[in-house]
Number of protein chains: 2
Amino acid sequence: MSGTPHDPPHDVDPVRLGAYFALIEVTSLLRHAIEQQLHEDGGLTFVRFQVLMRLHRSPTGSHRMTDLADAVVVSRSGLTYQAGLLERAGLVVRSPSPDDERGVTITITDAGRALLGRVLPGHEEVVGDLLFEPLSRTDAQTLADLLAPVRDHMRAAPPRSVVSRRRGGRAARDG
Amino acid sequence: MSGTPHDPPHDVDPVRLGAYFALIEVTSLLRHAIEQQLHEDGGLTFVRFQVLMRLHRSPTGSHRMTDLADAVVVSRSGLTYQAGLLERAGLVVRSPSPDDERGVTITITDAGRALLGRVLPGHEEVVGDLLFEPLSRTDAQTLADLLAPVRDHMRAAPPRSVVSRRRGGRAARDG
DNA sequence: TCTAGTTGCTTCGAATTCGAAGCAGGTCTA
DNA sequence: TAGACCTGCTTCGAATTCGAAGCAACTAGA
């Protein structure tokens, strides 16, 4: 059990703990390595890379600012800052959204796609070497299958409900 | 297939891509939610929480600065900054290492453990609700089993080799 | 023992992040 | 249409992050 003089009283499933710790650790290490590679190969941060990738993978090459911020999990003000940098570098363009005068549409430029082209090989190399080296194809499939529902679950529960967890709080568990 | 006019030429295994994206996304969302909870419940950032946790879980309640920085995947200067904040708050103590005059040993205090005690229930709640809600116990075990080797692999390949990937670079794969 | 090189930590400046506040543009209701 | 409220984005200040540089202490070789 727990509750020894110095232990905060809690009983955590060691299996869950291991999974949680490993998840955090793996992602921290991976992200750190990726930052290095992106910086060296294209002067990009991971956030800017994710922004470009999301835009590149969009059929229209563009997104609304807010949607993009949610997609890459960054604050709106943070995205504004990054969009400014990317725009100054000529990698994206911002324009007023056609349907909503308040909205801003951010679009990747050819230069942005070209930069991705220069950066992606090294990126794939790092991810391949660090993340997938110890994983079989089946393992990768399993990992994806495990994480997809988690992602959907997290996306479904609006972030706001987590933020305001204190108010209403553990009623979610108690009720 | 790739190489359409606007596509950077690369063929990525969609399974790997899905696993990689889900991993990044899940961890970003989880970390964001955790930051919120820790801030509300104890005025902690995730980094400071990790520092306290590592120290708390250590048999001696202490670590060398460098080892701790590696453990929580943060720069040395970053840890110095956080250690300063934690020390000012009375949650840790820094003292010269006995064996190496240069070294600094950082130790968690009773106040630090007490704060963990106040913060951990909410932390476990958030992690349980967001990460493990869609996962069975078996799933959690599988996830842990998949990620543990990846973590060990990443730890084995010293970060430095990743940093200096450009020099020597893909020889690691070619050789 | 001296000297050169390495290691451990901190300081410094620059970049990035966030949340709060501000502002312009929508939306809803009477 | 007017008024109140909501939304989308940006600006602002504060906090956090990193890498480079600096400094003290250790180690190895002559």
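To find a chain, count down the sequence lines: A is the first, B the second, and so on, and within it residues start at 1. Not measured: the values here are computed from a predicted model. Basis for what follows: all heavy atoms, side chains included, without hydrogens, waters or symmetry-related copies.
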Hey, is A:Glu25 close enough to B:Arg54 for a salt bridge, meaning N to O under 4.0 Å? yes
Enclosure of B:His39 NE2 (heavy-atom neighbours >12, cutoff 6.0 Å): no
Does the side chain of B:Phe21 come within less than 4.5 Å of A:Arg57's, by heavy atoms? yes
Do we see a donor-acceptor contact under 3.5 Å between the side chains of A:Asp139 and A:Thr142? no
With heavy atoms of chain A within less than 4.0 Å as the criterion, where does contact along DNA chain C begin and end? C:dA15 to C:dG26
Option among A:Thr27, A:Leu146, A:Val127 that satisfies the side-chain contact (heavy atoms from CB on, under 4.5 Å) test with B:Leu23: A:Thr27
Scan side-chain atoms only and decide if A:Thr105 and A:Ser62 contain a donor-acceptor pair under the 3.5 Å cut-off. no
Quick check on the helix from C:dT1-D:dA30 to C:dA30-D:dT1: what's the angle between its two end axes, five base pairs per end, to the nearest 10°? 30°
DNA chain C: 5'-proximal contact among A:Thr45 and B:Thr105 (nearest heavy atom): B:Thr105
Would you mind checking if A:Asp41 and A:Arg118 are paired as a salt bridge, meaning a charged N to carboxylate O distance below 4.0 Å? no
Considering only heavy atoms, which members of residues 94-102 of chain A lie under 4.0 Å from some atom of DNA chain C? A:Asp100, A:Glu101, A:Arg102
The criterion is salt bridge (charged side-chain N to carboxylate O under 4.0 Å, His left out); which residues satisfy it with B:Asp67, sequence neighbours excluded? none
Other members of the hydrophobic cluster containing A:Tyr81, with the 4.5 Å side-chain heavy-atom rule, please. A:Leu85
Rounded to the Å, how far apart are A:Asp70 CG and D:dC9 P? 10 Å
Have a look at B:Leu85 and say if it touches a base, only the backbone sugar-phosphate, or nothing, with a 4.0 Å heavy-atom cut-off. sugar-phosphate
How close or far is atom C1' of D:dC9 from atom CG of A:Leu79, stated in whole angstroms? 10 Å
Considering residues at least two apart in sequence or located in another chain, which fulfil the side chain to side chain donor-acceptor pair (under 3.5 Å) criterion with A:Arg94? A:Glu87
